[in-house]
Amino acid sequence: TEWEKPKKRAGIYPAGDVKPMEKRSSLKNEMPWTGSPSSANGTKIVGMEGVQFNIATASADTLGNIFLSVNHQKVKNNQTSALSIMQAEYNNNEIANAEKINFPETVFYSFMHPAVNKESTILVFSATMKEEDKYDLYVSKRADYQQAWENPTKLGATINSAGNEVFPTLAPDGYLY
């Protein structure tokens with residue numbers, strides 16, 4: 001059937017990442033549809049207007065830093081775009097001093113979906129190398145928030161499966177989800 005196709009299929013997967021688990025919802029949306037997208041409330045965050053293409057997932061520490069997945073390049077001929085992670089200051093709905101994170105000795109084709117701990121000393125993210133066909137989770141550390149990030153380490157087989165690992169989350173108690 002359609003659900004028995006291996007890998008590269010959206011859904012929740014068991015450890016082997018080849019067969020989907022039973023479909024479940026972890027959150028029930030109880031907001032009624034108002035019929036108008038203009039009825040949404042919120043505050044616009046400013047400071048990233050210079051990014052031409054796409055800003056995706058974000059993670060913030062308790063020190064006023066925000067980490068964003070950003071696409072800096074135009075996609076041509078149906079090619080996959082390479083994303084990177086930017087670190088910036090975040091205060092009063094404004095992003096300032098955004099800089100791409102560069103790791104010392106690692107050349108990723110694409111790295112994205114940052115998850116940072118509250119002290120800004122551990123960064124977990126999803127990445128792929130040019131010669132690879134899948135995303136795995138990596139971790140980079142630093143002694144304190146003012147230091148540069150260390151060269152990332154690929155997390156082991158207990159975390160990374162044969163499939164794609166994306167959207168890591170670091171809970172306030174330090175657990176990786």
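Atom set for the values below is all heavy atoms of this structure, side chains included, hydrogens, waters and symmetry mates excluded.
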Note: Glu165 and Asn160 closest approach over all heavy atoms is CG-OD1, 3.2 Å
Is the backbone of Gln146 close enough, under 3.5 Å, to the side chain of Asp144 for a donor and an acceptor to pair up by distance? yes
If we count only N and O atoms by modelled type, under 3.5 Å, do the side chains of Ser126 and His113 hold a donor and an acceptor together? no
Say you draw a straight line from CD1 of Ile85 to CG of Asn102; how long is it, rounded to the nearest 0.5 Å? 11.0 Å
Gln147: partners by side chain to side chain donor-acceptor pair (under 3.5 Å), with sequence neighbours left out: none
Members sharing Leu63's hydrophobic cluster, built from side-chain contacts under 4.5 Å between Ile, Leu, Val, Met, Phe, Trp and Tyr, are Tyr145
Sequence neighbours excluded, which residues qualify as side chain to side chain donor-acceptor pair (under 3.5 Å) partners of Asn97? Glu89
Tell me whether Tyr135 shares a hydrophobic cluster with Leu137, the cluster being built from Ile, Leu, Val, Met, Phe, Trp, Tyr side chains joined at under 4.5 Å. no
What's the verdict on side-chain contact (heavy atoms from CB on, under 4.5 Å) for Leu83 and Val70, showing C-alpha distance, side-chain angles and the deciding distance? CA-CA 5 Å; Leu83 291 117; Val70 179; 5.9 Å; no
Enumerate donor-acceptor pairs with a distance under 3.5 Å from any side-chain N or O in residues 168-177 to protein atoms, sequence neighbours excluded.
residue	atom	partner	partner atom	Å
Asp173	OD1	Tyr175	N	3.1

Quick one: pull up NZ in Lys141 and CD in Glu150 and give me the separation to the nearest 0.5 Å. 7.5 Å
Does Lys134 reach the main-chain N or O of Ser161 with its side chain, forming a donor-acceptor pair under 3.5 Å? yes
At what distance, to the nearest 0.5 angstrom, does CG of Asn151 lie from OG of Ser140? 7.5 Å
Mind checking the CD-CZ spacing from Gln87 to Phe67? Nearest 0.5 Å is all I need. 3.5 Å
Can you give the donor-acceptor pairs under 3.5 Å from side chains of residues 114-124 to other protein atoms, not counting sequence neighbours?
residue	atom	partner	partner atom	Å
Asn117	OD1	Ser120	N	3.0
Asn117	OD1	Thr121	N	2.8
Asn117	OD1	Ile122	N	3.0
Asn117	ND2	Glu119	OE1	2.9
Asn117	ND2	Thr121	OG1	3.0
Ser120	OG	Asp61	OD2	2.9
Ser120	OG	Arg142	NH2	2.7

List for me each residue that meets ring-ring contact (aromatic ring centres under 6.0 Å, His included) alongside Phe103, sequence neighbours excluded, and say none if there are none. Phe111, Phe125
Compute whether any side-chain donor of one residue and acceptor of the other, for Thr57 and Ser69, lie under 3.5 angstrom apart. yes
Nearest 0.5 Å, please: how far is OG1 in Thr128 from CE in Met112? 8.5 Å
